[in-house]
Amino acid sequence: MDPRIATPDNAAPGVLSGVPDKPSVDGLEEKWVARWASEDTYGFDRDAALQAPREQIYSIDTPPPTASGSLHVGHVFSYTHTDIVARYQRMRGKHVYYPMGWDDNGLPTERRVQNYYGVRCDPALPYDASFEPPGDAAAAKSDRAQLPLSRRNFVELCMQLTEEDEAEFEKLWRRVGLSVDWSNVYRTISESSRATAQRMFLQNLARGEAYAQEAPTLWDVTFRTAVAQAELEDRERPGAYHRIAFHSADGPVFIETTRPELLPACVALVAHPGDERYQPLFGKTVRTPLFDVEVPVVAHRLAEPDKGSGIAMICTFGDLNDVTWWRELQLPTRAIVGWDGRILADPPPGVPAHPYDELAGKTMFSAQARIVELLRESGDLEGEPKQITHPVKFFEKGERPLEIVTTRQWYIRNGGRDADLRDALIARGREIQWVPEHMRHRYDNWVEGLNGDWLISRQRFFGVPFPVWYRLDESGEPVHDEPILAPDEALPVDPSSDVPEGFTEDQRGKPGGFMADPDVMDTWATSSLSPQVASGWDTDPELFAKVFPMDQRPQAHDIIRTWLFSTVVRAHFEHGTVPWSHATISGFVVDPDRKKMSKSKGNATTPIDVLERYGTDAVRWRAAGARPGADSPFDEAQMKVGRRLAMKILNIGKFVLGLGAGSVDLSSAATQITEPIDRGMLTALAAVVDEATAAMEAYNYTRALEVAETFFWSFCDDYVELVKSRAYRSDDAAASAQAALALALSVQLRLFAPVLPFVTEEVWSWWQTGSVHRAAWPSAGELPAEGDPAVVTVAAAALSAVRKAKSDAKQSMRADVETATVTATADQVPLVEAVRSDLVDAGRIQLLTIVPGEGDLRVDVVLAETPEA
RNA sequence: GGGCGCGUAGCUCAGCGGUAGAGCUCUCGCCUUACAAGCGAGCGGUCGCAGGUUCGAACCCUGCCGCGCCCA
């Protein structure tokens, strides 16, 4: 038995057995986490839910945390927000479908495995069944020292490490008190998730919503993978404008460029159609310096007259504008940038071998240096390069500027190239209830700014492969136009080890044989299916029909453009609906400098430490103080306040139950409550219940907590102080107080239960059966409606005035008052009279006089003589 | 450059047309039989600035200034 729990022998007289002598918040997590698990308090009753009407179900599309990462206080806050809502909905009697997922898919896991084991994936290597990871991982930090191993071995390590990580995460989440149904956990890399992702992809493909295309693509040269628009970020980088002369019959035409090394890739010059300076040149041609290639001068609205000389070279491809110009003006392609970010060995057609050979194989940096030398020698560089800083596109996880490389990639349509689809997706956004409301602008903003379809293929290893092979023709070239798709019953497949029907493994990579599609899906392409994966689209259609579209998608605001949007796209195509009715957007926890807390910045606070020092309830209390969508600073002083509230709930519970409230029959309590102040207090509580309920319905858990808490402190400090001596007695007036205390405790424990699950459960367990978390959310109907709350406020004001007199006289609150004269308005006089006896007891007043008067309530106090110290 | 949000007490934030609020901090008290990891009392603000609407503006409107985030 827990030593903190008092046995009947040492329990205080009149206190229920099981109530500890000295309640403590410490140790409650261990006790209740174990009990909730063994009693399956948060289990989802599938059979009952299937019988229930849809509105009796509440389903949550929990964000699967990145298993390879580590959790910080920010995660604890946002997951707590969701849990508060889940607990509330459960208490409202709903079947709460609240699974947990792990995102163990993608680049972060790859990197973690590389660093943890000191290995790297080399897809060319064969599988080694006896492979054991090196024990001494720390020694192998540098890229060169990493041990190469096959893709299958690498993926096995990914699976292994993420499983360990996930076990740790689960332990932490349980300690945080998440009321997740832990029998329902999914992994984004699991067989069923892979099957879902592949099946959904094939559906998209069959309906024409997915397609492959050879096209210029933003390319990270470090990771050697394509990246999507959503993964871009602009960074300010130094650069220089080079003023370069193109040659025409009428003399030189000067352009200014930050990328002179792309000169051999130039296919045209472009100026704005309204730019009078260049009107005469439109439709004519000029010749490039050094290479002497003839290129047209064209007009396009995207050219910026006030940038540089107002005329620019179009290269294939220097930036996204080049891609637009190339596409819209139907220009030729002269690609010179390779997958490794170096200049290709051979010049594009029409470009002379010399001086191209001076650049071939060079990095962009050295190529630029060399071409500047050449231009200077030929006299085509005018003046010195002008240093500037300008925004350059980067992969958000990358360290080198992106290049644009023409590759074959898979895309899903997202409205970036289709106005009708874009409008339909914006309309979907309007069907979603956003919390807070203004977050929908982020969505609209993003969808309206899309400039291409969603690129979903990545040239990586640990992810869901495309379930596709290609036949190889007689010369060994893949026939991309006729992809071989995996049959539905075979999913999930790994085309790099599975063989398509009609072929044998020894035909892999041979002319006349086949090859696998080498790519894996982008992490968002798989996580965009979290509602389908979590709800059993692929595994439990009956359940899926019941819980989808889901009720809530909780997430942070930084991934509205990625996770949220892509989820909407997939549901729109597959189901013709939104994926959920509500999107609840939590803010960040920021450090004292208002910087987002993140592990990479080194300013993250480890949650376990905070949870241990202040207790889970204290941390959850602080989390609940951060309103939906609002960033909130991490401040340890606030945790202490939460801890104090948790302690207070334990203490008031113990006290109230000890006063006799523990033996009150709650079902008939209302009939025993006769004293005006008791009825007034409960009627005030009824209003609090209504307000808290309305706030919770609007997902405003902060407001719900605030009203409950304000009431609670005044309940403890004023009401309980006023009635406690009466409650000690054994007459009808005592019974009234005891019944009121019991009702108030029951209601308040339930109001606090979603935010403070541990202490409320502890106190509940002292006198009730079952879990408070399965009890009904309180309703105003449980409480007397006709009491006058003003009785409590007037009595509290009078008591406060008496306290002030004692405090001013530097006396103990126990000091006797000889006379107290309350001056109150005519309306208030009967109210004060109604609490006369309680007031006299609480204030230790020998003679209380109540007189009518004007203005605010006033109490004139004469303290009794103090005995000489 | 566009969008969104935010500027209220030293700090964190409520309030969003009717006499400026809470918690923390700070100060001064109090062994008070639920709680000293507690309790009581107090100090503290021209509500970013400037106009406007109104009998009345922290709140509504306009324009600035500052901060943050998202997108170009």
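Letters A, B, ... are given to chains in the order of the sequence lines, protein chains preceding strands, and every chain is numbered from 1. Values below: all heavy atoms of this structure, side chains included; hydrogens, waters and symmetry mates excluded.
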Under 4.0 angstrom between A:Lys648 side-chain N/O and B:C39 OP1 or OP2:
yes

Distance test, side-chain N/O of A:Thr702 to OP1/OP2 of B:A14, below 4.0 Å:
no

Testing the basics here: between A:Val755 and A:Ala624, what is the closest heavy-atom pair and its distance to 0.1 Å?
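Closest approach of A:Val755 to A:Ala624, heavy atoms only: CG1-CB, 3.9 Å.
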
I'd like to know if [X] pairs up with [Y] as an ion pair, taking the criterion as any Lys NZ or Arg NE/NH1/NH2 lying under 4.0 Å from an Asp or Glu carboxylate oxygen.
{"X": "A:Glu403", "Y": "A:Arg259", "value": "yes"}
{"X": "A:Asp319", "Y": "A:Lys393", "value": "no"}
{"X": "A:Asp856", "Y": "A:Arg858", "value": "no"}

Complement of [N], any strand, by Watson-Crick or G-U distances under 3.5 angstrom:
{"N": "B:A50", "answer": "B:U62"}
{"N": "B:A22", "answer": "B:U12"}
{"N": "B:G1", "answer": "B:C71"}

In whole angstroms, how far is the [atom2] atom of [N] from the [atom1] atom of [X]?
{"X": "A:Trp766", "N": "B:A34", "atom1": "CH2", "atom2": "C1'", "result": "10 Å"}
{"X": "A:Leu863", "N": "B:C30", "atom1": "CG", "atom2": "P", "result": "14 Å"}
{"X": "A:Arg814", "N": "B:A34", "atom1": "CZ", "atom2": "P", "result": "12 Å"}
{"X": "A:Lys724", "N": "B:A34", "atom1": "NZ", "atom2": "C1'", "result": "7 Å"}
{"X": "A:Leu799", "N": "B:C39", "atom1": "CG", "atom2": "P", "result": "15 Å"}
{"X": "A:Glu636", "N": "B:C11", "atom1": "CD", "atom2": "P", "result": "20 Å"}
{"X": "A:Ile652", "N": "B:C35", "atom1": "CD1", "atom2": "P", "result": "11 Å"}
{"X": "A:Glu721", "N": "B:U33", "atom1": "CD", "atom2": "P", "result": "11 Å"}

Can you identify which nucleotide, out of [options], has its nearest atom closest to the [X] side chain?
{"X": "A:Ser807", "options": "B:C28, B:G15, B:G40", "result": "B:G40"}
{"X": "A:His557", "options": "B:A72, B:C69, B:C35", "result": "B:C69"}
{"X": "A:Trp446", "options": "B:A36, B:A72, B:A37", "result": "B:A72"}

Using a 6.0 Å cut-off, check whether atom CD of A:Glu236 has over 12 heavy atoms from anything other than its own residue.
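Atom CD in A:Glu236 is crowded, with more than 12 foreign heavy atoms closer than 6.0 Å.
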
Has the side chain of A:Gln811 got a donor or acceptor that lies under 3.5 Å from a partner of the other kind on the base of B:A41?
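There is none.
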
Using the 3.5 Å cut-off, write out each protein N or O paired with an N or O of nucleotides 20-25 of chain B and the distance between them.
from, atom 1, to, atom 2, distance (Å)
B:C24, OP1, A:Arg644, NH2, 2.9

Expressed as a whole number of Å, how far does the C1' atom of B:G7 sit from that of B:C13?
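Result for the C1' pair: 12 Å, nearest Å.
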
Gap in Å between the two C1' atoms, one belonging to B:G18 and one to B:A36, rounded
43 Å

dist A:Thr616:OG1 -> A:Leu28:CG (nearest 0.5 Å) comes out at 9.5 Å

Listed pairs, N/O of protein and of nucleotides 1-10 of chain B, under 3.5 Å:
from, atom 1, to, atom 2, distance (Å)
B:G2, N2, A:Asn445, OD1, 3.4

